[in-house]
Colleague: 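Shown below is the structure under consideration.
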Protein chains: 2
Amino acid sequence: MATIRDVAKHAGVSVATVSRVINETGYVHDDTRKKVETAIKALHYTPNEVARSLFKRKSRLIGLLLPDITNPFFPELARGVEDEMQENDFRIIFGNSDENMKKEKEYIQTFVQNNVVGVIASTNHPDTDTYRKLNIPVVFLDRTADNRPSVYADGREGGRIAAQEMVARGSRQITVMQGPKHIRPAQDRFKGAIEALSDQGIAFNVVKTSSFSFTEAGTWAKELFEQHPFTDGVIASNDIVATAVLHEALRLGKNVPDDVQIIGFDDIPLSSLLTPSLTTIRQPAYDMGRAAANLLVRLIDDVNIDNKTIQMPVTFTERDTTRKVNQHG
Amino acid sequence: MATIRDVAKHAGVSVATVSRVINETGYVHDDTRKKVETAIKALHYTPNEVARSLFKRKSRLIGLLLPDITNPFFPELARGVEDEMQENDFRIIFGNSDENMKKEKEYIQTFVQNNVVGVIASTNHPDTDTYRKLNIPVVFLDRTADNRPSVYADGREGGRIAAQEMVARGSRQITVMQGPKHIRPAQDRFKGAIEALSDQGIAFNVVKTSSFSFTEAGTWAKELFEQHPFTDGVIASNDIVATAVLHEALRLGKNVPDDVQIIGFDDIPLSSLLTPSLTTIRQPAYDMGRAAANLLVRLIDDVNIDNKTIQMPVTFTERDTTRKVNQHG
DNA sequence: TTGTAGGCGTTATCAA
DNA sequence: TTGATAACGCCTACAA
């Protein structure tokens, strides 16, 4: 790799001058600029980001920490982040945390060691020293922390909507699946749903789950129908679980939505392709990723920011695992 | 952030000594070691990777270039890569190429600028200067290039198997979906399928497609049944497209697999959750990611490598979009 | 067993 | 308008 020295030599100028033309800082005569530019081309020179980063004490790298890219909700988020960052000339160091504090800490540490200028994290523990003591901007994604920069959807409201729409469509023996206890958005949805159900005086059962993995989801779905065979409506903690419930319901010969209605959460790409297609509470994942990245970029540039917490809309997306509302008058 | 100087001062030794204890290189007295270690803890010191990287002219970073993390096949790959790299103390700079040479080039360039020590790339153009001129190890993932390090599944064989199994299960009016022309694995599968079909003297139709996006897949599925209404077997270019075909077939009131059999490719997590669940040619995505990462790590450590190209097995995964073979004697 | 000093490739300050 | 040069934080000869 050619260095700035090689370029300087080739162009017959000093490294300072080369640096000036590269960074467009300070005066440089047109003729010299041209000489330098030809030298750069001739040597295929590109500046060493590491040396830059060392000197400036900041890089063009940001850290992205997601629970598990294998969960179909996150690729959309990640893509949104990536696209926005790419447009702003930042690169991403990526890690999966598995919702595990230790891993999180390790990643954040290596992020810092690599001089990242900002972090986007989907963590359940934003109020930890891990993040509090960071002296670079952090944006929480799909998570909140009071008053700290974050982009998230209102899970509580989503849960409420799910419950209301399900009741409006006639279910009376509802089972609510409570997502993993340590995952905030899952608990928010759960709370919202049982709140709305209680408000309306509708009884409900609860099935606890402890992960969002595809394989385990199947088990809980089985459990659900064994323990609560008369369930006529399921509010799942997300679309993965909803998909498993749907699969199991069909396997048991139930008619969906006539015997059981199902509402998921997220609207992962797959949901619309299921048969019957899945009614769900949509979160605009891609846009959330973009918004988070955009917010982070602004934070990095130290622009004065008004809205540091961005709440994205959650929308009831009616498809075929729920009945039509007018079927019930 | 504390620097090695601060630690040295705090411990009353020279930076060289601190460096020695950190890197476990050279002699250092037990007492001094202890002093240094306390200083490190007291100051919460962690070495600046950027400075290290600058000096050594290599980092602990590798570049991962995937077409589109939003395509459900890739998160599994990415996760495999990440897990293996994480275990070997490497971090990942991640980018989506959209199968676009320009983007690829840009990413590779910034990878190099950041001193990555290796690259894992899923590219359709391994034989380009972009990769040839790289003087760090590159592993091609889900792609091959003659004799260069790569981890991939045999698409041709997969296509062949799909065709054979479909014919064995009685389909005679088969439609083969030809994936995007510029995507190698897609073409390999296609070739394999039509080869096997021709060998057996079975006529077939072809439907061309140009991406793997969920939304477009729906369009091609419609097209398929409009143009070839008597199709009784579809070999899709991957599970995304297969899912769309399944969805459309059911929408048209066809019975799957009795009226139409469908075989996909990849075995994405969703495939087993569809109803009916999708028969497919499985690629072990997660393992492929791991294998690629492992190979790269060995290449970086300059271990003598025997098998630089690792072909992973492709397996016929029989589920419910195909008939049972004994139903036909 | 330990310390001094030079250099990795840049940028920015200061003189010229 | 340009050039020397001192950092940035670390590692490694080489000397002591």
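Below, chain A is the first sequence line, B the second, and so on; all start at residue 1. Because the structure is predicted, anything quoted here is derived from the model rather than measured.
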Colleague: Of the options D/dG3, C/dG3, C/dT1, whose atoms approach the side-chain atoms of B/Thr32 most closely?
Modeller: C/dT1
Colleague: Are B/Asp31 and B/Lys35 close enough, and set up right, to give a salt bridge (charged side-chain N to carboxylate O under 4.0 Å, His left out), and what steps lead you there?
Modeller: CA-CA 6 Å; B/Asp31 296 349; B/Lys35 279 195 293 183; over 6 Å; no
Colleague: Round to a whole Å and report the spacing from CD1 of B/Ile22 to C1' of C/dT2.
Modeller: 16 Å
Colleague: What nitrogen or oxygen pairs link the protein and nucleotides 5-9 of chain D at under 3.5 Å?
Modeller:
from	atom 1	to	atom 2	distance (Å)
D/dC8	O3'	A/Arg57	NE	3.3
D/dC8	O2	A/Phe55	N	3.3
D/dG9	OP1	A/Arg57	NE	3.1
D/dG9	N2	B/Ala51	O	3.4

Colleague: Can you check the A/Asp6 CG to C/dC8 P distance for me, whole Å?
Modeller: 11 Å
Colleague: For B/Arg5, I'd like to know if atom CZ has over 12 heavy atoms of other residues, nucleotides or ligands within 6.0 Å.
Modeller: no
Colleague: Identify which one of A/Glu104, A/Lys181, A/Arg143 satisfies the side-chain hydrogen bond (donor to acceptor under 3.5 Å, both in side chains) criterion when paired with A/Asn124.
Modeller: A/Arg143
Colleague: Nearest whole Å is fine: how far is C/dT11 C1' from A/Glu24 CD?
Modeller: 15 Å
Colleague: Rounded to whole Å, how long is the line connecting atom CG of A/Asn23 with atom C1' of C/dA12?
Modeller: 10 Å
Colleague: Please verify the inter-ring angle class for A/Phe94 with B/Phe94; under 30° counts as parallel, over 60° as perpendicular, anything in between as tilted.
Modeller: tilted
Colleague: Does the pair A/Val117 and A/Ile136 meet the rule for a side chain to side chain contact (heavy atoms under 4.5 Å, CB included), with working shown?
Modeller: CA-CA 6 Å; A/Val117 280; A/Ile136 48 173; 5.6 Å; no
Colleague: Which nucleotide in the set C/dG3, C/dT11, D/dG3 lies at the smallest distance from any side-chain heavy atom of B/Thr17?
Modeller: C/dG3
Colleague: Could you tell me, to 10°, how much the axis swings from one end of the helix from C/dT1-D/dA16 to C/dA16-D/dT1 to the other, five pairs per end?
Modeller: 50°
Colleague: Between A/Asn115 (CG) and D/dC10 (C1'), how many Å, whole number?
Modeller: 13 Å
Colleague: Please give, in whole Å, the distance from C/dT1 C1' to B/Arg20 CZ?
Modeller: 8 Å
Colleague: Without decimals, in angstroms, what is the distance between A/Arg60 CZ and C/dT11 P?
Modeller: 13 Å
Colleague: Mark yes or no: A/Arg91 above the aromatic ring of B/Phe111, with NZ or CZ under 6.0 Å from the six-membered ring centre and no more than 45 degrees from the axis.
Modeller: no
Colleague: Could you go through the side chain to side chain contact (heavy atoms under 4.5 Å, CB included) check for A/Asp68 and A/Phe212 one step at a time?
Modeller: CA-CA 10 Å; A/Asp68 179 10; A/Phe212 284 146; over 6 Å; no
Colleague: Take atom NZ of B/Lys9 and atom P of C/dG3, then tell me their distance rounded to the nearest Å.
Modeller: 14 Å
Colleague: Give a yes or no on whether the ring-centroid distance for B/Tyr131 and B/Phe140 is below 6.0 angstrom.
Modeller: yes
Colleague: Set out, in order, the CA-CA distance, both residues' side-chain angles and the distance that settles side chain to side chain donor-acceptor pair (under 3.5 Å) for A/Arg298 and A/Asn294, then state yes or no.
Modeller: CA-CA 6 Å; A/Arg298 277 150 55 216; A/Asn294 183 276; 2.9 Å; yes
